[in-house]
Amino acid sequence: MSDLRELRYEPKAIEPKWQQVWADEHTWEVSNEDDGREAYYVLEMLPYPSGEPHMGHLKNYALGDAVAHFSRRSGKRVLHPMGYDAFGLPAENNAIKTGVHPRDATAASIASFQRQFREWGISIDWTREFGTHEPRYYRWTQWLFLQLFKRGLAYKREGSVNWDPVEETVLANEQVIDGRGERSGALVEIRQLEQWYFRITDYADRLLDDLDKIQWPDHVKTMQRNWIGRSVGAHVTFRNEELGKDYEVFTTRPDTLFGATFFVMSPEHPDVLALAEGTSQEEAVRDYVRRALLESNEDRGAADKAKTGVPLGRSVVNPVNGEAIPMYVADYVLMEYGTGAIMAVPAHDERDFEFATVHGLPIRQVIASAPGAEDELPLSADGVLVNSDARFDGKPNREALEQIVAWLDGEGRGRRAINYRLRDWLVSRQRYWGCPIPIVYCEQHGAVAVPEDQLPVELPDVTDYKPRGRSPLAAVEEWVATTCPECGGPARRETDTMDTFVDSSWYFLRYTDASNDTAPWDRAVADSWMPVDQYIGGVEHAILHLLYARFFTKAFHDIGLLSADEPFQALFTQGMITRDGAKMSKSKGNVIAPSAYVDRYGADTARCYILFIGPPDQDADWSDEGVEGVHRFLARLWRLGIEVGRGPADSPHAGDFANDADAVLTRKAHWAIDKVTHDLGDRRFAFNTAISAVMELVNEAYRQRESASPEVLRFAAATGASLIFPFAPHTASEVYENATGARVWETPWPAADPAMLVADTFELVAQVNGKVRDRLTAPADASREDLEALARSAPNVQAHLEGRQVVKVIVVPGKLVNIVVR
RNA sequence: GCGGCGGUGGCGGAAUGGUAGACGCGGCGGCCUCAAAAGCCGCUGGGCGAAAGCUCGUGAGGGUUCGAGUCCCUCCCGCCGUACCA
């Protein structure tokens, strides 16, 4: 090898060469025509093009590309597309600051992403590429909006909305975190505005139930379940006789109705002031409500906040026992959930208990853990009814619950009910850089859909991007003023744009038929690819994007546009790349760009390292030393490929080995094929151990290279290249060509020869009382008796048997013998 | 509070109930070299021991088992999500 010592692994020469081949030959383009191979759709979440790609992108696309390559070489017809989620606030905020049109900033960023994806060697079908900001795409976003509108799934109504005072737009519930805007971090205000919504709540049950049909990580399913927040219980009507008004409450525990000792309404409840009017409480209530509404969501929601509230000076009648119980207003009751009013059962609810204690209200136990038990209150666990009613006392509470609800139902005072935490999806945004809502308003006809042949409603240019409490589009009078499609009379365009999550809720469908200009997709084409077989992205989208995309898919299924009713059959959520244990951020100054490593070590090193660093679903800390190690490994593989020269690279057959080195190395190669195939299969994503298996193969080849025959060394080099191809496609292509003259991506995924996975001998572990006392070489086909005898013959085993009585012997063929002594 | 994930050498991490620490980083030693870099080869959990070997060791404590990082129970710690949801 001395003459090769000076040879240097030069990714800068290797990588562009192969990228050129793939581009010239359109290698990764895939037809929509069925050719007998199984269709397989692998997709990574599309990037938001802002600035340059970061490490999270590198990880995301390195993961997806490995899946795509492995699937292709396993005989599948693979769809692996790319696009850009290009509408959104960062580009617009930049426009406000610099005056640069968001389209220009976005185009510059997209160009950078395109260039780097090519430099990374990601195997993308570029013929299907688009940005969601292009009219040829958002034309169909608008079309889909109108399909939902026609079916009542998109509607406009006035209601309380979250207003972000910094972004100057409304936000969806999903975009408000701890009472603050997701992007701005500003405390959101509640405003009454007329806004567009999607009726996602119609799908609550299916979104919940169908989680059982898809292969997603449990924690993501759990987050979606919690977000939908389905609770089974009852609606029960309490009557206020003075005003003659009925108030319904939602409760999950109608079995505790006999323990209700007061009734509480939210400060936002529309009837609170009217109820208190004319009572001695009128002023106190007005005061309390005013203060409660001023308080921020954050302060109000504070975990251990004392329970405040004031009496309304009125009472309601408990329908189960006719008892009049006092009414209160208190801010621990939320208007957004249930009916904004609750029955309070202090003996069996912690919050009610706390309130009753502070305000000196009666606490009546109606469930006991066992008959006659002395329970500490509040008791939320199941038990038997007490102090309730002769019909129910002594009954298990779950049984009593059903009977009480049935009884109330008969009386017309209650019924079974299911309540959800999920709210309809608010999609209006008072911002410029988004998809215009294709609606016009006519004095005569109200909100009218823009006719489909007039789509897209193109986003006009504006000079001032700054939102001023209304969309910047509202200032473009010549665009706003239009005619009504119904009557031809004067009409005005909707000036709000859509939430960008609308754009990204259907992009995976457009990829299947991206150049279709008569429909968003052809149903037969979409059906041939959908659902996405493997979706890959960050867990930060567990609720928003992943829930919205599921809703859209189900709605389109119902409309008849699609067979699939789930978008992503399998989901993999990748962990974050950190630096010095912390999330990379500009403020911490610990951001490192992929380009720095790609330029210095090559894309293959960067891609391999990011997959080698640890299990991909976990967070991982970037280390420059680790990068060097992976680079050394690829260089060793590359040098091996040079050294072995070009020629046949077939595996020798068992028994045909010229020497021990050939046997050892051939077996190692087959072991590596088996290991890597297993680690890549069945959505295991064990890429870190797959790469280390190839490292082991290369290490073995170096150890054996003085004695192994050239053909076997070549087989080892070719196998190593073949196996590392999904992670380091350029180096793999180079090494494979150097060794065999063939193209690795045109070569089927290798299969391990089962005969090579077993050796003639194995290392037998000899244990005494479970402790290893010796290691012996044993024939692979030895009988249990032979193995036991062999183990007993080992001197160090005998030393530990000395003077003891053997009570049992465990023999695990191919592994160990354990002799149990006393 | 609740839900989820995790805790293994100096570090990142491997281990279908069967040799704990694969692979990589770092460290040590050797070869090559005038010297270095690069490369190549080897060693590398702790303690005792000249060695053979013995012994301890996967957050803590129990249990099941011939055998536990892995399964069960009780705790402790960390991270993520979520939270007055009736």
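Proteins get letters first, then strands, A, B, ... in listed order; numbering begins at 1 in each.
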For this session: Could you tell me the separation between the OH atom of A:Y9 and the C1' atom of B:A38, rounded to a whole number of Å?
Result: 16 Å
For this session: Indicate, yes or no, whether a donor-acceptor pair under 3.5 Å links the base of B:U19 to the side chain of A:E763.
Result: yes
Exercise. Which part of the nucleic acid, if any, lies within reach of A:E628 when heavy atoms closer than 4.0 Å are counted: base, sugar-phosphate only, or nothing?
Worked result: nothing
Exercise. Tell me, which of residues 810-822 of chain A have any heavy atom that sits under 4.0 Å from an atom in RNA chain B?
Worked result: A:I810, A:V812, A:K815, A:L816, A:N818, A:V820
Exercise. Where does the angle between the aromatic ring planes of A:Y328 and A:F355 fall among parallel (under 30°), tilted (30 to 60°) and perpendicular (over 60°)?
Worked result: perpendicular
Exercise. Say you pick atom C1' in B:G26 and the same atom in B:U65; how far apart are they, in whole Å?
Worked result: 39 Å
For this session: Find the distance between CG (A:N688) and CD1 (A:I613) and round it off to the nearest 0.5 Å.
Result: 10.0 Å
For this session: Whole angstrom is fine here: how far is it from CZ in A:F263 over to C1' in B:A86?
Result: 12 Å
Exercise. Quick one: which of B:A22, B:C56, B:G39 gets closest to the side chain of A:R639?
Worked result: B:G39
For this session: Could you check whether A:N699 gets within reach of a base, just the sugar-phosphate, or nothing at all, counting any heavy atom under 4.0 Å?
Result: sugar-phosphate
For this session: Please tell me which of the listed nucleotides, B:C25, B:G24, B:C85, lies nearest to the side chain of A:R632?
Result: B:C25
Exercise. Checking all strands, does A:S623 fall into the base, sugar-phosphate, or nothing category for heavy-atom contacts under 4.0 angstrom?
Worked result: nothing
Exercise. Rounding to a whole Å, what distance do you find between A:L611:CG and B:G13:C1'?
Worked result: 15 Å
Problem set entry | A:E625 side-chain proximity, nearest of B:A22, B:G26, B:C40 | B:G26
For this session: If B:U58 has a Watson-Crick or G-U wobble mate with both distances under 3.5 Å, name it; if not, just say none.
Result: none
For this session: Look up atom CE in A:M343 and atom CG in A:L257, then write down how far apart they are to the nearest 0.5 Å.
Result: 4.0 Å
Exercise. Expressed in angstrom and rounded to an integer, what is the separation of A:Y609 atom OH from B:G12 atom C1'?
Worked result: 7 Å
Problem set entry | Side-chain N,O (A:T689) to OP1/OP2 (B:A22) below 4.0 Å | no
Seminar exercise, completed: Quick note, A:D331 side chain, CB onward, closest among B:U55, B:C84, B:A86 is B:C84
For this session: For A:P217, report the nucleic acid contact type (base, sugar-phosphate, nothing); a contact means any heavy atom under 4.0 Å.
Result: nothing
Exercise. Just checking A:E350: base, sugar-phosphate only, or nothing, at a heavy-atom cut-off of under 4.0 Å?
Worked result: nothing
Problem set entry | side-chain N/O A:H631 vs B:G24 OP1/OP2, d < 4.0 Å | no
For this session: Indicate, with a heavy-atom threshold strictly under 4.0 Å, whether A:I613 touches base, sugar-phosphate, or nothing.
Result: sugar-phosphate
Problem set entry | Separation of A:R632 CZ from A:Y601 OH (nearest 0.5 Å) | 9.0 Å
Exercise. Between A:L401 and A:P254, what is the shortest heavy-atom contact and its length?
Worked result: CG-CG, 3.7 Å
Exercise. Would you say A:R703 reaches B:C40's phosphate, i.e. side-chain N/O to OP1/OP2 under 4.0 Å?
Worked result: no
For this session: Based on the glycosidic angle (syn within 90° of 0, else anti), state the conformation of B:G9.
Result: syn
For this session: For nucleotides B:U82 and B:U8, find the distance between their P atoms and express it as a whole number of Å.
Result: 27 Å
Exercise. So what does A:D621 hit on the nucleic acid, given a heavy-atom distance under 4.0 Å: a base, only sugar-phosphate, or nothing?
Worked result: nothing
Exercise. Between B:U55 and A:R773, is there an OP1 or OP2 to side-chain N/O distance shorter than 4.0 Å?
Worked result: yes
Problem set entry | Geometric class of the A:Y9/A:H631 ring pair [parallel <30°, tilted 30-60°, perpendicular >60°] | tilted
Problem set entry | Row check, A:W216 ring normal vs A:R550 NZ/CZ: under 6.0 Å, within 45° | yes
For this session: Could you give the distance separating B:G17 and B:G6 at their P atoms, to the nearest angstrom?
Result: 15 Å
Seminar exercise, completed: The nucleotide from B:C23, B:C66, B:C54 with an atom nearest the side chain of A:K808 is B:C66
Problem set entry | Value in whole Å for how far the C1' atom of B:G39 lies from CD of A:E643 | 12 Å
Problem set entry | Over 12 foreign heavy atoms within 6.0 Å of CZ, A:R684 | yes
Seminar exercise, completed: Ranking B:C23, B:C85, B:U19 by distance to the side chain of A:V772, first place goes to B:U19
Exercise. What interatomic distance, in whole Å, is found between P of B:C11 and the corresponding atom of B:G27?
Worked result: 15 Å
For this session: Please check the phosphate of B:A86 (OP1 and OP2 only) for any side-chain N or O of A:R421 closer than 4.0 Å.
Result: no
Exercise. Once you round to the nearest 0.5 Å, how far does CD1 of A:I610 lie from CD1 of A:I577?
Worked result: 4.0 Å
Exercise. Is there a side-chain polar atom (N or O) of A:R225 under 4.0 Å from OP1 or OP2 of B:C2?
Worked result: no
For this session: Please figure out whether A:R253 or A:G626 has its closest RNA chain B nucleotide nearer the 5' end.
Result: A:G626
Exercise. In whole angstrom, what separates A:D617's CG from B:G4's P?
Worked result: 17 Å
Problem set entry | Nucleotide B:A86, atom C1' - distance to CZ of A:F238 in whole Å | 12 Å
Exercise. Expressed as a whole number of Å, how far does the C1' atom of B:A14 sit from that of B:C25?
Worked result: 15 Å
Problem set entry | Steps toward side chain to side chain donor-acceptor pair (under 3.5 Å) verdict (A:S266, A:Y337) | CA-CA 10 Å; A:S266 158; A:Y337 187 78; over 6 Å; no
Exercise. Would one find a side-chain N or O of A:R636 under 4.0 angstrom from OP1 or OP2 of B:C41?
Worked result: yes
Exercise. When you check the phosphate oxygens OP1 and OP2 of B:A14, does a side-chain N or O of A:N688 lie under 4.0 Å from one of them?
Worked result: yes
Exercise. Is B:G1 paired to anything, Watson-Crick or G-U wobble with both distances less than 3.5 Å, and if yes, which nucleotide?
Worked result: B:U82
Problem set entry | Nearest-neighbour nucleotide for the A:R705 side chain, B:G24, B:U19, B:C40 considered | B:C40
For this session: Using whole Å, report how far CG of A:D349 lies from P of B:G1.
Result: 18 Å
Exercise. In Å, rounded to the nearest 0.5 Å, how long is the span from CG of A:D682 to OG1 of A:T677?
Worked result: 11.5 Å
